[in-house]
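Residue numbers begin at 1 in each chain, while the letters A, B, ... track the order of the sequences.
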Protein chains: 2
Amino acid sequence: MSREGSETRRRILDAAWELLEAPEGGEVRMSDIARAAGVSRQAVYLHFPTRAELLVAVTRHVDAVKGVDARLAASRAAGSGEARLDAFVAAWGGYIPEIHGVARALIALGRTDAAARAAWEGRLAAIREGCHAAVAALARDGRLAPGQSVEEATDLLSAILSVHNWEHLTRVCGWSQELYLRRIGALARQAMLAPPPG
Amino acid sequence: MSREGSETRRRILDAAWELLEAPEGGEVRMSDIARAAGVSRQAVYLHFPTRAELLVAVTRHVDAVKGVDARLAASRAAGSGEARLDAFVAAWGGYIPEIHGVARALIALGRTDAAARAAWEGRLAAIREGCHAAVAALARDGRLAPGQSVEEATDLLSAILSVHNWEHLTRVCGWSQELYLRRIGALARQAMLAPPPG
DNA sequence: CCGCTTATTTGACACCGTGTAAATTGTCAC
DNA sequence: GTGACAATTTACACGGTGTCAAATAAGCGG
């Protein structure tokens, strides 16, 4: 698999990324990626044994370049649970459009490939953990909407913030990113937040 | 394509249905369907020229057997917009688990096949129309939550009621169908319903 | 310049799933 | 029987993934 920091390897990752994130990135073949990277198809297999491992590497590459960790961690700095909720929704909701193409491909491949499925589930777990942190902070503040456990609220919030919902609202319904953030932020507050005491 | 009411045709449809709705119905091939129907692979192609047309026929078959139209239309009988909303959420939310496997396959195929995509979009349009009817009734009653147009509310409700959210909450998070209906019903009310006047 | 190593290319091929085609058997109606 | 039809068997074309082996560059120490 050659060494980690190979120039060709990086070119392949960037080419795959660009193709997947392109407007019509529905059917990206290994040969497409090779051609876009200016490399032979076999060179791709030289660096990534399977299509699944390539896609997983692309998501890691994108995360590293975009700095997801730092952006999502920022929501942890907020003081109140309410502020945490808003910050996390804004951070993740704002991140989705930047990784949508790659995420889409990974989800699709996950239906048949175990490695891709595991990679996407890891992603989901990270999101869920962010949701959990916000919900737990709300509960600590006594501001979690009644009638639901912390677990249930976490599940529901992670569903609200799913990539599929973003895709449906912005792609199918034609919402702008700004409208999406506003309405989903409001929905999350309605579902999670109890009215202020007193 | 043989005549409509052929016995073999029905057997193929039932076999495909059963396979798609099975717990591990992720990878259903034409040969699987043929074997399950007790028929040669070519006999399947004799009745359904492509995999996409077979899947589309299966969804129609399921709809006919389950009587989806009647069940969704029942929500129209409700008097108030509020009752309409509850009835529609219960009707569609209760229908999802019965068609989940077929819907899943149709969505997946739609990523590459135009016919399958069109069929699923038709389905989406029907759901959206049900959402629109409920939201319009709410607006007529002056009970639509402020700060959103009828169109936006319809979009949001159709997103909340998406198959993906059902799949995430019940399959990934392990919610029971009963819990799903209760929490999603509550979420829909929070998002759509203004507090009663006076 | 030689020989060694490593990255890449080229071309061929196996596998699998979809879809097509042709020849064959069985079964009814008339 | 003859004709029409349903279904079977066998074979093959195509596209996409993944494998393999041999040929070609490019780097570097001697």
Using a 3.5 Å distance criterion without hydrogens, assess whether the side chain of [X] forms a donor-acceptor pair with backbone atoms of [Y].
X: B:Glu82; Y: B:Arg143; answer: no
X: A:Gln148; Y: A:Ala191; answer: yes
X: B:Asp141; Y: B:Ser80; answer: no

task: Would you please confirm or rule out a distance under 4.0 Å between OP1 or OP2 of D:dA7 and any side-chain N or O of B:His47?
output: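 Checking B:His47 against D:dA7: at least one side-chain N or O falls below 4.0 Å of OP1 or OP2.
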
Spacing of [X] atom [atom1] relative to [N] atom [atom2], expressed in whole Å:
X: B:Glu27; N: C:dT18; atom1: CD; atom2: C1'; result: 16 Å
X: B:Asp113; N: C:dG17; atom1: CG; atom2: P; result: 18 Å
X: A:Leu55; N: D:dT17; atom1: CG; atom2: P; result: 10 Å
X: A:Glu7; N: C:dT6; atom1: CD; atom2: C1'; result: 16 Å
X: A:Leu46; N: C:dT10; atom1: CG; atom2: C1'; result: 13 Å
X: A:Arg35; N: D:dG16; atom1: CZ; atom2: C1'; result: 13 Å
X: A:Leu54; N: D:dG18; atom1: CG; atom2: C1'; result: 13 Å
X: A:Arg51; N: D:dT19; atom1: CZ; atom2: P; result: 15 Å

What nucleotide among [options] has an atom nearest to a side-chain atom of [X]?
X: B:Thr8; options: C:dT8, D:dA11, D:dA7; answer: D:dA7
X: B:Tyr45; options: D:dA7, C:dT8, C:dT20; answer: C:dT20
X: B:Gln42; options: D:dA11, C:dT10, D:dT19; answer: D:dA11
X: B:Ser40; options: C:dT9, D:dT8, D:dG18; answer: D:dT8
X: A:Met30; options: D:dA7, C:dG19, D:dG18; answer: D:dG18

- prompt: Under 4.0 Å between a Lys/Arg side-chain N and an Asp/Glu carboxylate O for B:Asp86 and B:Arg189?
  reply: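 Yes, B:Asp86 and B:Arg189 are salt-bridged.
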
- prompt: Would A:Asp32 and A:Arg35 pass as an ion pair if we require N to O under 4.0 Å?
  reply: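 Here A:Asp32 pairs with A:Arg35 in a salt bridge, since their nearest N and O are under 4.0 Å apart.
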
- request: Look at the side chain of B:Arg41 against the base of C:dG17 and say whether a donor-acceptor pair falls under 3.5 Å; ignore hydrogens and angles.
  value: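 In this structure, the two groups form no donor-acceptor pair.
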
